Amino acid sequence: MGKYEFSAVESKWQKYWEVNKTFEASNKSEKPKFYALVEFPYPSGFGMHVGHIKAYSGLEVVSRKKRLQGYNVMFPIGFDAYGLPTENTAIKTGVHPRKVTDNNIIKFTSQLKRVGFSFDWSRVIDTTDEEYYKWTQWIFLKMFEKGLVFRDKTLVNYCPSCKVVLSNEDSQGGKCDVCHSDITHKTKEVWYLRITEYSDKLLEGLKDVDYLPNIKLQQENWIGKSTGAFVDFTIKENGEKLRIYTTRPDTLYGVTFMVIAPEHPVIEKYRDSIKNIDELDAYRKECSKKSEFERTQLVKDKTGVKIDGFTGINPVTGKEIPIYISDYVMMGYGTGAIMAVPAHDSRDYDFAKKFGIDIVQVIKGGDISKEAYTGDGEMINSDVLNGIDNKKDAIEKMLEVIKEKNCGEKGIQYKMKDWAFNRQRYWGEPIPIVHCPECGIVPVPYDELPLRLPPVDNFEPGSDGESPLAKIDEFVNCKCPKCGHDAKRETDTMPQWAGSSWYFLRYCDPKNTKEFASKEALEYWLPVDWYNGGMEHVTRHMIYSRFWHKFLYDIGEVPVSEPYAKRTAQGLILGPDGQKMSKTLGNVVDPNDVVDVYGADVLRVYVLFMGDYEQSAPWSENSVKGCKRFLDRVWGLQDMLVDGDDYRESFRSAFHKTIKKVSEDIDSLKFNTAIASLMALINDIYASGSITRGELRTFITLLNPFAPHITEEIYEQQNFGGVLNEQKWCEYSEELCNDDKIEIVVQVNGKVKSKMMIDTNQDKDSVIADALADSKIKELLDGKNIIKQIYVPNKLVNFVAK
RNA sequence: GCCGAAGUGGCGGAAUGGCAGACGCAGCAGACUCAAAAUCUGCCGUGAGCAAUCACGUACGGGUUCAAGUCCCGUCUUCGGCACCA
């Protein structure tokens, strides 16, 4: 065998797979189905980096193995192409976003094909294709029909740099998800999707799916369910009921003041009777100017103003207490009003200390002269609750009291907020809504979909946060679909997450022009058997798409309630410097460069071998060379071939063990140890100097999912018959994984002192006898008492001696 | 602050409570070569020793066990998520 010419071989097989439609999945098959899904890329102008390759390589290997195991595998790919970066490129270069997107998709496609991924290219989708976004709009209208779409004028997250309103999911940590600028707040009327209606379903659904534990936990925390009580306090001066939410109704006797959010409507309602209204207004104005960042920086330093003219009455104790406004209470959670229990809540404690308010302890424990006590303990100073010694019982008792007094009830709250569903930008799906002066908000009729994005030359957003579409009269001016009156179109577009919220459904039937996918296709493929992607999408795309899917399930459009049966996440590839790869740091590795120099198989093996698939690890060019060496040695196996379709005696257990190891490791994402076991095996083969044809065939079959090109080529060169990707995965027998003889260790007092060969499954007594006969052990035990003998079959013998 | 994950050679990382460091990289020595690259062989946690070997060693301090990287308690550090969520 000559040198392995990876470049020619790789393009040869890639062409073969393309011509023969090798990886196109059929919607009808005798075989069991397997739907493997990876997050489709956003086609940016920078092309892919090796992180994308790692993200796809995991399920790529799983898919190839599943096919060999006789499954009808669908492993699709597509492009999530609407979004700001493309639009910004268009603004900068003057090239239309359609053109930019098309170019980027061509670039991404060629990169993906060069790596030899077994994607089903007949199912490619592009979210900006009108045959696709037609259905994105269709689902939106279905939601509108069911009352899940609404407009509201409230305080929204706003990115001053991107000039768009952002959802809560898009502004995590107070930073814009796209450009990382600080978020500000402003009052604006925008579209919302009522995702909170699905809070409980999204939480409950997690019980039935196989997601990594940390993924479930992050979603649970994001949804943020808490149970507690709503309690109506009264404002003495005007009799107004002021409703609060608390998770600690057991501490109701410790309430010494109340706090309401600066935006609470009760202030406007009674502003004439508030004596220090000027002071309140000044404080409220100051709060609205603070950025998210400033607010979080000032956590310890509480600010606020006492409302002069309001006195709160505790409905349970009848006690009169002051009411403050402070920005540590937010309008967006609970009722925007709280009962403050400084003895047992650290925020209330800080506030009380600063404003000199009484602190009344109602739970025994801690030292409330120093800090709030948030632990459990016996109730004190609490009338009927006194003596109860745990939180759970105390809460129960208080809920009864509240019920008796008819001043509130048990309540549930979620941290998740409704989804601000809008972008004041051009490159997105137009929202199919018409504003009619007669009829109000009117949906575009289904048969008029898609509502096309008009071709324009100027995509600059307006400085006042207006969408570029607002400037296009032909688009804006229309007739009301209901009454025919002159009307205006909605000019906001959908956020970037819209198209990706249902793309996995379209893959099932991507060319359908009548439905987003046929019932038969959905019935056949759903749910996605295994979905892999990034951790950064767990509280964004994953939440959104589960919501859309559950909605479609509720209206009978999809057959299963959860879209993804299993979800895993890969770790990042860091730059060679150990930093996160980024253009500004200049440490981005382009997969094309690696393929040029080492070949696609090397790249594929390396990204999976570099470490634990779920952990981040830095790129190392030297380690890439190690993988290259490995594959060259695989090629070299052909020079040491001997006849024989079976495993040789001396290698039988090694092969069975390796088949078992590789099979199990692929299924549990442990690609690094799967490859390591193949490396260990090849080392042994080289040491022996020869390999049988049968052994070679097994070896290249096991390696095929990782390195499909070189293994196909060897398979062909050796005339094994047919092509490797149509063969069967290797079988192993548990029994044959064991050698006849096995080495065990002999310990004295827990320390290894000797090793010996025994027959596999040799009986206990004879093993111990052999161990005692060992000259070294004999010497060590001489003159000592054996107190205990421990025997672990096929592992060790341990003598405890004095 | 709360929640979660993790701390193992020079590096990436292996180890159902049972030989710590598999596999790979880097390094050192040798072979081949006029030479280099490539390739091949050997060594490669620390300390002592010519050696066989011995002692120590999985962030730190305790504990359980015949046996602990692995289990329990406490401490520290790093990373990730949430963050005034009442």
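Computation of the quantities below employed the complete heavy-atom set of this structure, encompassing side-chain atoms and omitting hydrogens, waters and symmetry-equivalent molecules. In what follows, chains are A, B, ... by sequence order, proteins preceding strands, each numbered from 1. No experiment lies behind these values; they were computed from the predicted model shown.
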Engineer: Show every salt bridge (charged side-chain N to carboxylate O under 4.0 Å, His left out) that has at least one partner inside residues 661-680 of chain A, sequence neighbours left out.
Structural biologist: A:K65-A:D667, A:K661-A:D665
Engineer: In whole angstrom, give me the gap between the C1' atoms of B:rA68 and B:rU58.
Structural biologist: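 Pairwise C1' distance, B:rA68 against B:rU58, rounds to 11 Å.
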Engineer: Please state the C1' separation for the pair B:rG24 and B:rA6 - nearest whole angstrom.
Structural biologist: 22 Å
Engineer: For every nucleotide of nucleotides 21-29 of chain B, 5' to 3': is a protein heavy atom under 4.0 Å from its base (B), only from its sugar-phosphate (S), or from neither (-)?
Structural biologist: -BBSSS---
Engineer: Please give the distance between the C1' atoms of B:rA36 and B:rA31 as a whole number of Å.
Structural biologist: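 Here B:rA36 and B:rA31 have their C1' atoms 15 Å from each other.
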Engineer: Quick check on RNA chain B: between A:D612 and A:Y686, whose nearest nucleotide comes earlier from the 5' end?
Structural biologist: A:D612
Engineer: Side chains of A:E39 and A:H537: do they bring a donor and an acceptor to under 3.5 Å?
Structural biologist: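 Yes.
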Engineer: Can you pull the side chain to side chain donor-acceptor pair (under 3.5 Å) pairs that have at least one residue in residues 213-225 of chain A, sequence neighbours excluded?
Structural biologist: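 Side chain to side chain donor-acceptor pair (under 3.5 Å) check on residues 213-225 of chain A returns A:E169-A:W222, A:D200-A:K225, A:Q219-A:R546.
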Engineer: Pick the P atom in B:rA29 and in B:rA37, then give their distance to the nearest Å.
Structural biologist: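 About 13 Å, rounded to a whole number of Å.
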Engineer: Can you name the salt bridge (Lys or Arg N to Asp or Glu O under 4.0 Å) partners of A:R540, sequence neighbours left out?
Structural biologist: A:D177
Engineer: Write down the distance separating the P atoms in B:rC76 and B:rU65, rounded off to the nearest Å.
Structural biologist: 28 Å
Engineer: Please, what dot-bracket string fits RNA chain B when only Watson-Crick and G-U pairs with both distances under 3.5 Å count, crossing ones use [ ] and pairs to another strand use |?
Structural biologist: (((((((..(((.....[....))).(((((.......))))).((((....))))..(((((..]....))))))))))))....
Engineer: So A:F671 and A:Y613, would you call those rings parallel, tilted or perpendicular, with 30° and 60° as cut-offs?
Structural biologist: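 Rings of A:F671 and A:Y613: perpendicular, as their planes differ by over 60°.
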Engineer: Polar atoms only, N or O, under 3.5 Å: list the protein pairs with nucleotides 62-68 of chain B and their distances.
Structural biologist:
| unit_1 | atom_1 | unit_2 | atom_2 | d |
| --- | --- | --- | --- | --- |
| B:rC66 | OP1 | A:K788 | NZ | 3.2 |
| B:rC66 | O2 | A:N798 | ND2 | 2.5 |

Engineer: Count the heavy atoms of every other residue, nucleotide or ligand shown that sit under 6.0 Å from NZ of A:K354, and state whether that count exceeds 12.
Structural biologist: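 Correct, the count exceeds 12.
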Engineer: Sticking with atom C1', work out how far B:rC66 lies from B:rG49, rounded to a whole angstrom.
Structural biologist: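 Their C1' atoms lie roughly 31 Å apart.
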Engineer: In terms of side-chain geometry, is the basic nitrogen of A:K628 or A:D632 positioned less than 4.0 Å from the acidic oxygen of its partner?
Structural biologist: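 A:D632 and A:K628: salt-bridged.
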Engineer: Determine the contact category for A:S616: base if any of its heavy atoms lies under 4.0 Å from a base atom, sugar-phosphate if only primed atoms, P, OP1 or OP2 are that close, otherwise nothing.
Structural biologist: sugar-phosphate
Engineer: Just confirming the chi classification of B:rG9, syn or anti, using 90° around 0 as the syn window.
Structural biologist: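 It is syn.
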